[in-house]
Every structure is written in C-alpha cells, then in structure tokens.
Protein chains: 2
Amino acid sequence: MTDGPEGAPRRPRLSRELVLHAALRLVDEQGLEALTMRRLGQELGRDPMALYRYATNRAALLDGVAELVLAQLVISADTPDWQEQLRRAAHQFRQLALAHPNVVPLIVTRPLATPLALRPIGTLRPLEQMLELLIAAGYPPVRALHLYRSYWGLLHGHVLNELQEVVVDPEATDALLRLGLDRLPPEEFPRLRGLAKALLAGYDGAAALDESLDLLLNGLQAVEQQAPAPGSRRRRAAPPARR
Amino acid sequence: MTDGPEGAPRRPRLSRELVLHAALRLVDEQGLEALTMRRLGQELGRDPMALYRYATNRAALLDGVAELVLAQLVISADTPDWQEQLRRAAHQFRQLALAHPNVVPLIVTRPLATPLALRPIGTLRPLEQMLELLIAAGYPPVRALHLYRSYWGLLHGHVLNELQEVVVDPEATDALLRLGLDRLPPEEFPRLRGLAKALLAGYDGAAALDESLDLLLNGLQAVEQQAPAPGSRRRRAAPPARR
DNA sequence: ACGTAGCGTCTACACCGTAGACACGTTGAG
DNA sequence: CTCAACGTGTCTACGGTGTAGACGCTACGT
C-alpha cells in the first residue's frame, strides 16, 4: 500500500532489514521466480545494483529470506513437559510454512548449499534451542542431536507433504482430480483410484502432523528400553535394534 | 532405422528419453543451474529450440528429470514381511538420492507446483505400490494413505538431512567447522559448540535412516495397541512383530 | 510422384545477474 | 571552514537465459 507500483518518490534509506522484508513480501505475493534483483529494486524505488550493498548475491538474498522466516521460530526450553514443547514447536513451524508457502522450498533446500557451520545464525538458533530442550529433558547430547535430526526431518517432510495437498482453487479440485485419475490406467493404479474420495475429502494438516508426532514420540518411548530413559515413566516391550 | 553413414558429427534422432537422460547427466555432473536449454542443446549437438518438441518448458524438463530418477524406485508388494519391504524401499530411495544429489531438490520440491492427480505417472507409481503394500499388510486404505504420507515425509526429511551433512571436501571440513563454530557467540550456542566433535565425527546416513525407521515402526506398533488393530487381521496378514 | 506432417533451425525479443566506473551526500579530522 | 575519505546509490554494459514464431528440410503414407 501507500503508493503506486512505479515512480514513487518515497525513498527512505535502505537497510538489510528493509531489503529482506521487501524480498519476503515479493516472494509471498508472487512466488520465488518473481524475486529478481530488478523487480526488487523497482519495488523499493531503487536501482537494482543498490541491493548488492546488502546482499552479495541473489543466492544470499534467498538465504536471507529463508532466515527471516525461520528466525520467527522460537523454542523455549523452560517448560517441564518437553514433549508438549516439541509439539508446540512443530505446529509453530507448520504455521510459518503455511504463512509463507513459497519460502518453504528455500527452507528445506538452501541448507544443501551451505555447510552447517556457515549457515546464517538465525537458522542455527532453533537448532540450539532444540538441543537445549532435549538435553534438559535428559538425553545425552549426541542422542539429542540424532533425535533433533529425526524430528527436523519429520517436520520438513510433513510440511512438504501438506503443501502439495493445498489447492489454490478448491472448487476446481473435484474436476481436476477426476480428470487426473481418469488418466491413470485402472489396472495399474487400482489403489490410488480407489482412494479418490479420501483424496477429495481434503487434508487436515494439523491432525496429520499430530499423527506423525505421535508415531515419533511413541516410537521414541518404545526404543527407550535399551537406551537411558529421560523424563518418561512408562515401559513396555523392547524391540531389538537393527544393523 | 535411421542408421545412415556415420558422418563427422553424430546425430541420432532425438527422443524424449534421450533428451531427459542427457538432462539428467548434465544435472548430475554440473548441478541444477547448469541445466539450461542452450547448454543441453549443445550437449546434444542440436539447436536449443529443438528441445521444445520433447518438453514444453524448462520446468517440464525439470519434472522429467525428477521423474526419471524416481521411476527407478521399485516397491514390490509380494513379500510377506511388509516392514522389511518398507525398510528396503527406504534404503533404495536413499541410494537414489545419494546417486543424484542434485536432483533431490526437484524430487522434494517440484510436486509443490503440480496437483497430485496431474503428476507424471512415473512419480505416482511408487505411491500406488506403496499403497498396495500397506493394504496387503492389512491396513484399511485410508489409514494406508496416512501412513504413506508419514513414511514418505520421513524419507524426504531424512534425505534432506543427510545431504546437507555431506561434504564435498572432507579434508577441509575440520577447519571449516571450527571456523564456523568459533563465529558463534559461546554464551548463545553452548550446546551446538559442545557437539563439535560429534559433528566432526561424520554422519552414518544408513544408520540414521534405520534409526528414524525404527522410531516410525515402533511408534506404529505402539499406537496399534489402542487403535483398531490393523496388522494381524486380514488374510494376507503380517503381524506387527519385528525381528 | 507428391503432398504432408513432424523435426530441427534460425532469428528475435524481453529479461536476467552482475562487474566496474562514477556521482553524490555525509562525516570526521585538521 | 576545508577537505579528504567513505558509504550509498546510479549508470552503463556484457554475456547469458527462456521462448515465440516463421521457416526449411526430410521422411513417409498413399
């Protein structure tokens, strides 16, 4: 708001914050491909080259956007119920992903290009907080690290899952789905076709996330029999580990 | 046909297969950004515009590459031990990801742009096979779908995790890691810094994957005790017990 | 033999990231 | 107050990109 798309004389001094926020807005509204040095420059009423004072690269700009979103995630380690805390963080992450679906590919993918130790600090903070939480819950640090990886992987996986279920135009879904399913040879895809109504029924992301978290936490509890147990109390059958 | 006298430049007739394989090779060897219509054209000794006969888009080309890799995944539903089958498929997927790391972003990310029903068939086949496997194991279809989602999410998450642990130059890792960790304010990142040696110790991806699978399968088993029991009911039964 | 349909090419255009030189306003030292 | 240094934004330019559209060519069905 506040002005037309072009020729706006308004020009506050640039700053990294300002640039990144404009970039995020652009990505949110028009997708990743729209985040272009030229377009962002125009959005800010500046020459595209000005941006290079605040991000050495387009790639760096992308990292900045991802960091901006991820930094909103706060995991506090002060609650006694760490499992609840894990769930809360998971849902928080999910909400962030839903609020910025176009940024999700960056979040899950950009780290592939950057070794852990060199990642932006805002990205590492959730990791640290998560470790703190798990260690406070009684897990030995190395195990906490492993657990963190499983948990984070679950989150990334879930969010990717859910986002591809989201449909822009819910009205067109029906026709689209049938159209798509009819295309599939029935003898080769009987199961998938049989699930048409379930696929049409929509997708409760929060419930699905909880389901996956249940699996993880229950599994964790089941595995604890052979490993030092943290703050949980129940015990049951002990399956042997493999490989 | 088409076997004429071999001239100076060899130019077999193009085909979608041929184009996609060349594209995959390019991505494998030089990364995603190197997959450019012009470069691919040059690679094939053809005008870039020729490619548009076999892929309507660069985006379609990317989808094709992802499909090409994913289609190599085969899940057979004929084994009685479905859990073992799940593990096998997971490790197979992991191997594919390791063999084509540059394609992984496509695999996890491209579906976001395409509603499920319109995805390339090669991409849907693993889904169908997986559903068949779970349903044969006794799960009701809808539950099988949910389970599939958790499982597939876990796979994507794990692979993303593992790939960002991979280091191009293992010798430089040490210095790099220390450099990076030293950068972090000690009072803000005590846990992370404390895990330096664990991070340096390297990452056993297969083991980590098994660990995550253990969590999922054990959790599944644990949940079954309170929910309507799937595993042991149907005719082609496979009890939830693990070896 | 001849149309014809598909494959490949050529040209052209709008857009992209970014290197490098440069103009300008601010600031701090003398 | 002067002036040099510096940080900020601008301008120009270059090589690369995706792809629309018209066009030639070759192979093939008839």
Side-chain angles (χ1 to χ4, degrees), chain A residues 3 5-24 26-27 29-66 102 105-106 109-110 113-114, chain B residues 1-27 29-66 102 105-106 109-110 113-114:
Chain A
D3 57 14
E6 177 177 297
R10 158 186 68 99
R11 9 180 72 214
R13 181 95 106 274
L14 283 186
S15 71
R16 183 169 163 89
E17 295 276 306
L18 217 149
V19 169
L20 288 185
H21 275 91
L24 175 58
L26 208 50
V27 170
E29 290 173 3
Q30 318 203 37
L32 269 184
E33 319 229 285
L35 180 47
T36 233
M37 302 309 255
R38 288 171 147 94
R39 276 208 261 233
L40 182 53
Q42 173 175 344
E43 194 81 4
L44 291 164
R46 288 305 183 323
D47 187 283
M49 291 310 285
L51 304 174
Y52 286 87
R53 303 276 180 200
Y54 305 95
T56 66
N57 251 349
R58 186 179 115 99
L61 204 58
L62 294 177
D63 286 338
V65 170
N102 295 332
L106 294 183
T109 267
R110 289 295 315 172
T114 328
Chain B
M1 325 315 176
T2 76
D3 44 352
E6 222 64 20
R10 66 188 48 191
R11 353 184 60 195
R13 178 97 108 273
L14 283 186
S15 72
R16 185 169 161 88
E17 294 277 305
L18 216 149
V19 168
L20 287 185
H21 276 92
L24 175 56
R25 202 160 47 86
L26 208 49
V27 170
E29 290 174 4
Q30 317 203 37
L32 269 184
E33 319 229 285
L35 180 48
T36 237
M37 301 310 255
R38 289 172 148 92
R39 276 209 261 232
L40 182 53
Q42 171 175 345
E43 195 81 2
L44 290 164
R46 287 304 184 322
D47 186 282
M49 291 310 284
L51 304 174
Y52 285 88
R53 303 275 180 202
Y54 305 96
T56 66
N57 252 351
R58 187 181 114 98
L61 204 58
L62 295 178
D63 286 339
V65 170
N102 295 332
L106 295 183
T109 266
R110 288 296 314 172
T114 328

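Hydrogens, waters and symmetry mates are skipped; everything else that's a heavy atom, side chains included, is used.
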**Student:** Measure the spacing between CD of Gln42(A) and CE of Met37(A) and express it to the nearest 0.5 Å.
**Tutor:**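 So the CD of Gln42(A) and the CE of Met37(A) are separated by 14.5 Å.
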
**Student:** When the distance from CG of Leu44(A) to P of dG9(D) is rounded to whole Å, what number comes out?
**Tutor:**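 Those two atoms, CG and P, are 10 Å apart.
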
**Student:** Using a 3.5 Å distance criterion without hydrogens, assess whether the side chain of Arg16(A) forms a donor-acceptor pair with backbone atoms of Tyr54(A).
**Tutor:**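 A pair under 3.5 Å: yes.
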
**Student:** Send over the distance from Arg53(A) CZ to dT10(D) P, rounded to a whole Å.
**Tutor:**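 Rounded to the whole Å, the gap is 11 Å.
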
**Student:** From CG of Leu51(A) over to P of dG7(D), roughly how many Å is that when rounded to an integer?
**Tutor:**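 Interatomic distance, CG of Leu51(A) to P of dG7(D): 19 Å.
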
**Student:** Identify, between Ser15(B) and Pro48(A), the residue whose nearest nucleotide on DNA chain C lies closer to the 5' end.
**Tutor:**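 Per heavy-atom nearest nucleotide, the more 5' residue is Ser15(B).
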
**Student:** For a 4.5 angstrom cut-off between non-hydrogen side-chain atoms, does Leu51(A) reach Leu44(A)?
**Tutor:**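 Yes, their side chains come closer than 4.5 Å.
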
**Student:** Under 4.0 Å between a side-chain N or O of Asn57(B) and OP1 or OP2 of dT19(D)?
**Tutor:**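 So the side chain of Asn57(B) is within the cut-off, an N or O lying under 4.0 Å from OP1 or OP2 of dT19(D).
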
**Student:** Out of curiosity, Leu35(B) CG to Leu62(B) CG, how far, rounded to the nearest 0.5 Å?
**Tutor:**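 Going from the CG atom of Leu35(B) to the CG atom of Leu62(B) covers 5.5 Å.
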
**Student:** Would you say the side chain of Arg46(B) lies within less than 4.5 Å of the side chain of Leu14(B), judging by non-hydrogen atoms?
**Tutor:**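 A side-chain contact under 4.5 Å exists here.
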
**Student:** Going 5' to 3' on DNA chain C, which nucleotide is the first and which the last to come under 4.0 Å of a heavy atom in chain A?
**Tutor:**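 Contacts span dC16(C) to dG20(C), reading 5' to 3'.
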
**Student:** Output all residues satisfying side chain to side chain contact (heavy atoms under 4.5 Å, CB included) with Arg39(B), sequence neighbours left out; order by chain, then residue number.
**Tutor:**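 So Arg39(B) forms a side chain to side chain contact (heavy atoms under 4.5 Å, CB included) with Leu26(B), Ala34(B), Thr36(B).
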
**Student:** Rounded to the nearest 0.5 Å, what's the gap from CD on Glu29(A) to CD on Glu43(A)? Could you check?
**Tutor:**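 So the gap between those two atoms works out to 7.0 Å.
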
**Student:** Who pairs with Asn57(B) by side chain to side chain contact (heavy atoms under 4.5 Å, CB included), at least two apart in sequence or on another chain?
**Tutor:**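 By the side chain to side chain contact (heavy atoms under 4.5 Å, CB included) rule, Asn57(B) matches Ala59(B), Ala60(B).
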
**Student:** In chain order, what residues pass the salt bridge (Lys or Arg N to Asp or Glu O under 4.0 Å) check against Arg110(A), with sequence neighbours excluded?
**Tutor:**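 Only Asp63(A) meet the salt bridge (Lys or Arg N to Asp or Glu O under 4.0 Å) criterion with Arg110(A).
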
**Student:** What one-letter contact string describes nucleotides 11-17 of chain D from 5' to 3', where B marks a base within less than 4.0 Å of any protein heavy atom, S marks contact via sugar-phosphate atoms alone, and - marks no contact?
**Tutor:** B-B---B

**Student:** Can you see which heavy atom on Pro105(B) is nearest to which on Thr109(A), and at what distance?
**Tutor:**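 Minimum heavy-atom contact is CB-OG1, 3.9 Å.
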
**Student:** With a 4.5 Å heavy-atom cut-off, do Val19(B) and Leu61(B) have their side chains touching?
**Tutor:**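 The answer is yes, as the side chains (C-beta and beyond) meet within the 4.5 Å cut-off.
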
**Student:** Is the phosphate of dG18(D) approached by Tyr52(B) (side-chain N or O, under 4.0 Å from OP1 or OP2)?
**Tutor:**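 For dG18(D), neither OP1 nor OP2 has a side-chain N or O of Tyr52(B) closer than 4.0 Å.
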
**Student:** Estimate the overall bend of the helix from dA1(C)-dT30(D) to dG30(C)-dC1(D) from the end axes over five pairs each, rounded to 10 degrees.
**Tutor:**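 Roughly 0° between the end axes, to the nearest 10°.
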
